[in-house]
Structure formats: structure tokens, C-alpha cells
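The residues of the chain are indexed from 1 along the displayed sequence. Start at 1 and go down the list; that is how both ligands and their atoms are numbered.
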Amino acid sequence: MNVSVIGTGYVGLVTGVCLAEKGHNVVCVDVDPKKIDGINNGQPPIFEAGLEELLQRNIHAKLTATTDLEKAVQGTELSLIAVGTPFDGREIDLTYIKEVSGQIGRALLAKSGYHLVVMKSTVVPGTTDGIVLPILEEASRKKVGVDFGLGMNPEFLTEGEAVHDFMYPDRIVIGGIDEASIRLQEALYSVFPAVKLLRTNNKTAEMIKYASNCLLATMISFSNELANLCTALSSIDIVDVMKGVHASRYLTTILPNGNRVTAPITCFLMAGCGFGGSCLPKDVKTLVAQGDEERTTMRLLNAVMRINDERPDRVIALLKKHFPSLNGVRIAILGLAFRPDTNDMRESPAIPIIKRLLDEGVILKAYDPVAMEEARKLFSERSLTLCVRLEDSLDDVDAIVLVTNWAQFGALPQLLKSRGTQPLVVDGRRLLDKRSVARYEGIGL
Ligand code: UDX
């Protein structure tokens with residue numbers, strides 16, 4: 001099929017590249033000419049495992065990139081909208097969605113033949129039918145269900161593993177206003193013959209995305225709330241508690257040969273310094289805001305967010321146990337991205353932790369394997385020294401705060417041993433064995 005993908009961020013670019021890899025002819029569209037040039041030169045503007053290789057294999061064969069949305073829409077039969085939907089502090093910001101909906105509509109004005117518009121961005125239930133549809137009809141002067149179709153196909157991509165998630169989907173949800181809108185999406189995804197397609201209406205498809213993310217956020221905050229109580233009670237370690245919880249047959253499958261397979265969901269049932277990224281915080285807040293608007297207070301999700309917001313305080317409290325005044329204390333932050341295997345720092349817990357420490361007068365260094373460029377955009381070199389190597393960040397520090405659980409940070413005990421230094425290690429992710437370093441503090445210990 002000939003497909004256009006509008007927006008080449010984390011979601012749009014992965015979607016476009018993977019659909020091309022699967023055999024579709026794809027045009028990626030973005031307003032940012034720098035991104036488009038990079039993509040056309042085989043250089044993805046974001047870091048995602050495997051993306052560069054797939055992009056280079058498909059660019060100028062099955063994939064092209066352009067800033068010309070009109071031409072892209074007119075030359076394809078299906079357009080996926082994948083522009084950002086940030087939270088503006090009060091509610092979801094649909095500026096970009098409205099903008100591209102108008103542009104797609106105007107492109108349809110001059111297009112003969114049927115076209116399907118599919119929402120891939122995360123939007124609150126009701127947006128596709130209630131906001132995008134009238135904009136498309138007005139701008140195109142055409143009728144939905146007759147001249148063009150409208151669908152909603154949420155993404156379930158984990159940043160850092162997005163290419164894998166796209167190529168091996170756990171589910172494909174396709175919403176549509178009518179049979180034709182569903183059928184064309186079925187054709188799009190027929191390249192995944194083994195995957196069960198869930199067909200529904202647009203509003204339900206939108207809600208499935210929020211429900212999925214809010215569930216994960218809830219489990220994280222649940223674990224963190226328990227961690228707080230473990231700390232208060234003493235002699236209980238949240239890591240041991242959650243190990244016992246994970247062993248339940250609801251969370252671990254016991255195979256006939258006695259081997260045990262722990263469900264992937266258990267990685268959200270662990271305490272730490274909080275969730276971040278471009279999705280979980282935004283999606284929880286957005287649904288809470290929608291609940292308020294509908295006079296259906298989301299009490300649980302409100303609490304999920306409140307618990308998450310106070311995670312940085314927990315990290316600071318652990319440091320203050322050892323350094324009642326943090327003024328002049330030399331601290332290294334390990335990990336800046338909101339999770340491993342990505343350079344995305346959006347809503348990363350590292351940001352409020354760093355800000356709090358800077359306010360307290362800490363002398364700060366930081367290291368992240370791939371997020372250093374992003375960090376440079378957020379913090380000045382004067383306030384935060386960015387180290388090129390993990391080893392450099394460990395020189396002359398009084399404490400180390402582990403914020404992102406990059407696998408390579410597992411070598412920290414060994415590195416400290418070989419240098420003969422014993423800084424305090426505050427493990428914000430409970431990544432290390434608590435006995436592996438001389439001075440250890442951990443969340444929920
Ligand atoms: C995506 C989804 O769109 C969002 O709804 C979901 O919740 C998280 O993932 P993401 O891919 O991370 O967002 O967004 P971002 O990285 O901001 O990329 C959006 C892209 O769209 C940018 O490259 C931007 O330049 C482009 N854009 C934005 C347009 O091309 N046109 C516009 O009018 C606005």
C-alpha cells in the first residue's frame with residue numbers, strides 16, 4: 001500500500017520505517033526540514049535500537065521523507081497522524097493534531113478517490129470523531145464515510161524497544177467509523193498475518209491506549225507506595241517483598257517441568273525513583289483531566305500521579321541521611337534518560353532530582369550512555385558537568401545517585417572496588433545488590 005506518516009518523532013519515524021521494511025511504500029512527513037534531510041540521508045533524528053539500520057536499508061527504496069504534506073497525502077491512499085500530543089499543564093494540547101488535520105483536509109480537497117485518515121497519536125477518547133472528523137470535513141469539503149474514512153490505531157511502542165515492538169506486535173487495535181475504515185487498516189496490517197487484530201470503534205481504541213498506560217503507571221506507584229511503608233517500618237526490603245509478590249501464579253507461570261517464567265508485567269511492579277517519559281505521566285494526567293471535565297473524578301489515577309511526583313524527594317531524603325547539608329557535596333548522577341536504551345529525557349525523574357540538588361548547592365556531574373546531547377539542551381555546562389565516560393563521573397565524588405537502570409551500571413560495584421573509593425551509592429532503581437558496595441542506600445530499603 002502507499003502510506004503517508006505525518007510526524008517523524010519517536011512514533012511516526014519508527015512506524016514509517018517499519019511499514020517500509022514490511023513492504024509498504026511509505027512517505028514520512030514532518031515540518032522540520034532538518035529532520036527530513038537527516039532521514040533522507042539515512043540518519044534518524046532519534047536514537048532507537050535497530051532504527052538506523054532499517055532506515056538505511058529502506059530509504060529511497062520503499063521509504064522517502066518530505067516536508068510537503070499535501071503531495072504526500074495526495075500520492076497515498078492512507079495517512080497516519082503521528083504528531084505529538086503534549087500535556088499543557090491543564091489538559092491535552094491538540095494544537096498539532098488540529099493543525100495537521102486541517103492540512104490533510106485541504107490536501108484531500110484536490111484529491112480524487114477515497115482516502116483513509118488514521119489517528120496514531122495518543123488522544124483522549126472522543127478526539128478522533130469529535131475534533132478531527134469535523135476539521136477534515138470542513139477543510140476537504142468532503143463527507144466522512146463517503147469520500148474518506150477515519151480510523152484510530154494506537155501505538156504500543158516502548159521507547160528503546162520500539163522497532164522490536166513494531167515488528168513483533170503483541171496486539172494491533174484498529175478503530176474505525178465504518179467497515180471501509182477498518183478494512184483498509186486490515187490491509188495495512190496484513191503484513192503481520194499471525195497477529196490478532198482487535199476491531200473496535202475509534203473512541204474505544206483511544207481508551208485502550210490510555211487504559212494500557214495508566215495500568216502500568218498504577219503498578220509503579222503501587223510499588224512505590226509500598227516502598228515508602230517498608231522504609232518507615234524498617235527490617236523490610238521492598239525488593240524481597242516484590243520478589244514474593246512476583247512468585248504468585250498470577251504473575252509467574254510454572255511450566256510442567258517445574259521451570260518458572262515470570263510475566264513481563266512484573267518489571268512494573270518494582271519500586272524506584274518514579275516513571276517518566278513522553279507517555280506515562282502525560283497519559284495519566286490527561287485522563288485525570290478528562291475525568292474532571294466529565295465530573296468523574298479519577299481518584300486512583302490522581303493518587304498515582306501524586307505518588308510519582310514525590311519520588312525525587314525520596315532520593316534527596318536518602319542523600320540527606322548522610323549529608324544533612326548538601327551544600328558543596330560532590331555528587332554524580334548516573335542515568336539521565338527516563339529509561340534505559342533511549343536518549344529521551346522528556347519527564348525523566350533525573351530532571352527534578354538534578355534541579356533539587358542544584359538548588360541545594362550540590363556540585364554535580366552526570367553520565368548517560370546516550371542522552372548527553374539531550375542533557376546539554378536542558379542544563380548549562382556550568383551547572384552540570386557532563387562526563388564522556390562512566391569512569392570519569394566517578395572521580396572525586398562523595399555520592400553517586402543511580403537514576404536510570406542502564407545494564408552497564410551493574411558494573412558500578414566492581415568499578416568502585418578497583419578504584420579503592422567508597423562514595424555513598426543511592427540506588428534509585430534497586431539495580432545493585434545492596435551488599436555489593438561499602439555505603440549503600442536504596443529506595444524502599
Ligand atoms: C508520539 C505520539 O504522537 C503521542 O501522541 C504519543 O503519546 C507519544 O508518542 P512522539 O512521536 O514522541 O509522539 O512525538 P514527537 O517526538 O514530538 O514527534 C512529533 C513530530 O511531529 C515532530 O518531529 C514534529 O516536528 C512533527 N510535527 C509536529 C509535524 O510534522 N507537524 C506538526 O504540525 C507538528
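Taking atom 6 (C) of ligand 1 as the reference point, the nearest protein heavy-atom neighbour is T122 OG1, 3.5 Å. In terms of protein heavy-atom proximity, atom 5 (O) of ligand 1 is closest to T85 OG1, 2.6 Å. Summary of contacts: the protein heavy atom closest to atom 10 (P) of ligand 1 is Y10 N, 3.9 Å. Looking at atom 16 (O) of ligand 1, its nearest protein heavy atom turns out to be G9 CA, 3.3 Å. Ranking the protein heavy atoms by distance from atom 13 (O) of ligand 1 puts G84 CA, 4.0 Å first. The closest protein non-hydrogen atom to atom 21 (O) of ligand 1 is G7 CA, 3.4 Å. Scanning the protein for heavy atoms near atom 2 (C) of ligand 1, the closest one is V83 O, 3.8 Å. The closest protein non-hydrogen atom to atom 1 (C) of ligand 1 is V11 CG2, 3.3 Å.
Between D344 and R346, at least one side-chain N (NZ, or NE/NH1/NH2) sits under 4.0 Å from a carboxylate O, which counts as a salt bridge. Of the charged side-chain nitrogens involved, at least one lies within less than 4.0 Å of a carboxylate oxygen, so that E137 and K143 count as a salt-bridged pair. Taking a cutoff of 4.0 Å between a charged side-chain nitrogen and a carboxylate oxygen, R389 and D392 qualify as a salt bridge. Ion pairing between a basic and an acidic side chain is recognised when a charged N comes within 4.0 Å of a carboxylate O; E91 and K285 show no such pairing. Taking 4.0 Å as the cut-off between side-chain N and carboxylate O, E206 and K203 do not count as a salt-bridged pair. R183 and E186 are not joined by a salt bridge, as no carboxylate oxygen comes within less than 4.0 angstrom of a charged side-chain nitrogen.
Here's the thing with G12: none of its N/O atoms is less than 3.5 angstrom from an N/O atom of ligand 1. Residue Y96 has no N or O atom closer than 3.5 Å to an N or O atom of ligand 1. Some N or O of D30 is nearer than 3.5 Å to an N or O of ligand 1, by distance alone. Below 3.5 Å of separation, one finds no N or O of C279 facing any N or O of ligand 1. Any N or O atom pair closer than 3.5 Å counts here, and V31 shares at least one such pair with ligand 1.
With a heavy-atom cut-off of 4.0 Å, K282 touches ligand 1 through its side chain alone. Contacts between V100 and ligand 1, counted as non-hydrogen atom pairs separated by less than 4.0 Å, involve the side chain only. The side chain of R346, and not its backbone, has at least one atom closer than 4.0 Å to an atom of ligand 1 (non-hydrogen atoms only; side chain from C-beta on). Only the backbone of A82 comes within 4.0 Å of ligand 1, judged by heavy-atom distances. Neither the backbone nor the side chain of P45 has any atom closer than 4.0 Å to an atom of ligand 1 (non-hydrogen atoms only).
Q56 and E52 share a side-chain donor-acceptor pair at under 3.5 Å. A side-chain donor-acceptor contact under 3.5 Å links T95 and D93. Using modelled atom types, one finds no donor on one side chain facing an acceptor on the other under 3.5 Å when comparing N153 with Q185.
Dense packing is recorded around OH of Y189, with more than 12 heavy atoms of other residues, nucleotides or ligands lying under 6.0 Å away.
Not counting sequence neighbours, the partners of E310 by the salt bridge (Lys or Arg N to Asp or Glu O under 4.0 Å) test are R314.
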